[in-house]
Amino acid sequence: MYCEEDRNVPYDGAVEIPEEIQKIRDPIIFNMTRRELCFTGAGLLLAGLVFWLLFRVAGVRNSVLVAVPGLAAAPFGLFAFVRPMGLNLEDWLTIWAANNLRSAPVRKLFARNEYERVLELVQTRDRKGQTRRKLRTRKAGKRESAYRTRQ
C-alpha cells in the first residue's frame, strides 16, 4: 500500500480497493450471488403475477400475454445484473441523482477578497468626500458672489 512519504496529495477519506478484490464474487446457486438471486426471484414472482392477472382476470390471449410480464420484470433484471462503473445499479443511481438532480446545476462562488471589499469602501468614501467638497466650494462661491452684489 502507500506510505505517507509516497503520497503527493493529502488523504481525502477514500480508500482505493484493488481490482482483484473488487472482482471477487460469492456465488450461491447457478453462479448467482445472493443479491442477484433476490432480484431475479422478485422479478420472476412479479412476472408470474402479471401473467396470471392478464390470463385469468383480463382474459388476454395474444402476444401481450408474454410481452407485458417481461417488461414488468425487466427492472429487476437490470438491478440484478447491470453494474455501471463497477457499482451496483442502485448505488450508481443514488450517486447520479445526488450529482445531477439534487445539486445546483451551476455552482457559483460568492467568496470575495476582503482586501478588495475594503478598497471599494475606501474608494466610495473618497468619491463621496470629493462630491461634498465640490458642493461646498460651489456654495461658498455663491455666497461670496451674493455678498459682493449686496455691497
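What's counted below: heavy atoms across the whole structure, side chains too, no hydrogens, waters or symmetry copies.
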Practice prompt. Supply the atom-to-atom distance N100 CG to L93 CG, rounded to the nearest 0.5 angstrom.
Written response: 11.0 Å
Fill in: Spacing of Q123 atom CD and L121 atom CG [to the nearest 0.5 Å]
9.5 Å
Worksheet item: Is the closest side-chain heavy-atom distance between L87 and R83 below 4.5 Å?
Response: no
Fill in: Check: F51 and V68 side chains under 4.5 Å, non-hydrogen atoms
no
Worksheet item: When you look at F55 and V60, which way does the side-chain contact (heavy atoms from CB on, under 4.5 Å) test go after all the steps?
Response: CA-CA 5 Å; F55 187 75; V60 176; over 6 Å; no
Discussion item. Quick test of your reading of the model: are R125 and E120 salt-bridged, counting only N-O distances below 4.0 Å?
Written reply: no
Discussion item. Quick check for you: to the nearest 0.5 Å, what is the distance between N88 atom CG and R35 atom CZ?
Written reply: 3.5 Å
Fill in: L78-W96 co-clustered via ILVMFWY side chain contacts under 4.5 Å
yes
Item to complete: Consider only side-chain heavy atoms of I, L, V, M, F, W and Y, link residues closer than 4.5 Å, and tell whether Y115 and L119 are in one cluster.
Response: no
Discussion item. Quick check: is L89 connected to L101 through a chain of hydrophobic side chains (ILVMFWY, heavy atoms under 4.5 Å apart)?
Written reply: yes
Fill in: Least distance between heavy atoms, A73 atom then A47 atom
CB-CB, 3.9 Å
Fill in: Distance in Å, L65 CG paired with L54 CG, rounded so as to fall on 0.5 Å steps
6.0 Å
Discussion item. Under 4.0 Å between a side-chain nitrogen and a carboxylate oxygen: does that hold for E36 and R25?
Written reply: yes
Worksheet item: Applying the 4.5 Å side-chain criterion to the ILVMFWY set and letting contacts propagate, would M85 and F81 be lumped into a single cluster?
Response: no
Worksheet item: Are T40 and F76 side-chain neighbours, meaning at least one heavy-atom pair lies under 4.5 Å?
Response: no
Worksheet entry | Interatomic distance, L44 atom CG to L49 atom CG [nearest 0.5 angstrom] | 12.5 Å
Item to complete: Please answer: with hydrophobic residues joined when any side-chain heavy atoms are less than 4.5 Å apart, are V64 and V50 in the same cluster?
Response: yes
Discussion item. Within a 6.0 Å radius of atom CZ on R56, are there more than 12 heavy atoms belonging to other residues, nucleotides or ligands?
Written reply: no
Fill in: Exceeds 12 heavy-atom contacts within 6.0 angstrom, atom CG of D26
no
Worksheet item: Aromatic rings F39 and F79: how do their planes relate, parallel, tilted or perpendicular, breaks at 30° and 60°?
Response: parallel
